[in-house]
Asker: 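One structure, pasted below without further comment.
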Amino acid sequence: SQWGEENLQALSIQEGEDVTMNCSYKTYTTVVHWYRQDSGRGPALIILIRSNEREKRSGRLRATLDTSSQSSSLSITAAQCEDTAVYFCATDEGSFNKLTFGAGTRLAVCP
Amino acid sequence: EAAVTQSPRSKVAVTGGKVTLSCHQTNNHDYMYWYRQDTGHGLRLIHYSYVADSTEKGDIPDGYKASRPSQENFSLILELASLSQTAVYFCASSDGTGSNTEVFFGKGTRLTVV
């Protein structure tokens, strides 16, 4: 597998808290995509970080990429109930936009 | 807005039967993909296509065929459905202009093989 973890992780936090999700990958990539999947829906891109970027921000989202350790993280600041979803990281092979997904993190915000 | 439409949204199939999942995109994208998602896991690439009338194998093509009759349409075919093919299937498209390109996904088809 391209990714270090094989099973879906689960996190449960309270509204207003910050949260960070981590991914590690095994082979070279030039970009890491972060997707969000809501229940019953397909994944939707929320942030994309390239290998020449160490950090990328979009609203309350912050992605990091460390090519030396082959790892990426997604942080959400002041989480809200609507942030409840499954979050996936994915590497892009570079040709044909073929994505290799990690197992994902199921984030629950609010009871 | 980019749109990828899958049909049916859910299907129950009999073991050994033939199943066809259909996908239609209005994004004018050259690249289309079929992914499979098993409960608690990420998506895995089955087949993809970068031009009409041509398909390529992805990471897990065994037991699946694909057809791309036009730029807009991409089908996934299970000639002999098996229990292990119970999963959610996602179609996607992209313009394939590089690794910074967003891939747009449909809502998925839940296939149950009994």
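Every chain is numbered from 1, with letters handed out A, B, ... down the list of sequences.
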Asker: Compute whether any side-chain donor of one residue and acceptor of the other, for A:Ser71 and A:Ser24, lie under 3.5 angstrom apart.
Answerer: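 Checked: A:Ser71/A:Ser24 side chains show no N/O donor-acceptor pair below 3.5 Å.
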Asker: Check each atom of B:Gln37 against the heavy atoms of chain A and say whether the ones under 4.5 Å are side chain, backbone, both or neither.
Answerer: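 Contact with chain A: side chain only.
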Asker: According to a hydrophobic-cluster definition based on side-chain heavy atoms being under 4.5 Å apart (Ile, Leu, Val, Met, Phe, Trp, Tyr only), do B:Tyr64 and B:Val88 belong together?
Answerer: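 No.
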Asker: Can you say whether B:Arg110 sits under 4.5 Å from chain A via the side chain, the backbone, both, or neither, judging by heavy atoms?
Answerer: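 Answer is neither: B:Arg110 stays 4.5 Å or more from chain A.
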Asker: If we ignore angles and hydrogens, is there a donor and acceptor under 3.5 Å between the side chains of A:Ser73 and A:Thr64?
Answerer: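 Side-chain D/A pair, A:Ser73 to A:Thr64: present.
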Asker: Is the closest side-chain heavy-atom distance between B:Gln71 and B:Asn28 below 4.5 Å?
Answerer: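 Yes, their side chains come closer than 4.5 Å.
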Asker: Do A:Tyr87 and A:Val32 sit in the same hydrophobic cluster, where Ile, Leu, Val, Met, Phe, Trp and Tyr count as joined when their side-chain heavy atoms come under 4.5 Å apart?
Answerer: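 Yes, same cluster.
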Asker: When heavy-atom pairs shorter than 4.5 Å are enumerated against chain A, which of B:Leu45, B:Asp59, B:Leu43 gives the highest number?
Answerer: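 Most pairs with chain A among the choices: B:Leu43.
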Asker: Chain B heavy atoms under 4.5 Å from A:Ile49: which part of the residue, side chain, backbone, both or neither?
Answerer: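 The answer is neither part of A:Ile49.
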Asker: Go through A:Tyr35, A:Phe96, A:Phe88 and name the one with the most non-hydrogen pairs under 4.5 angstrom from chain B.
Answerer: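 Of the options given, most contacts go to A:Phe96.
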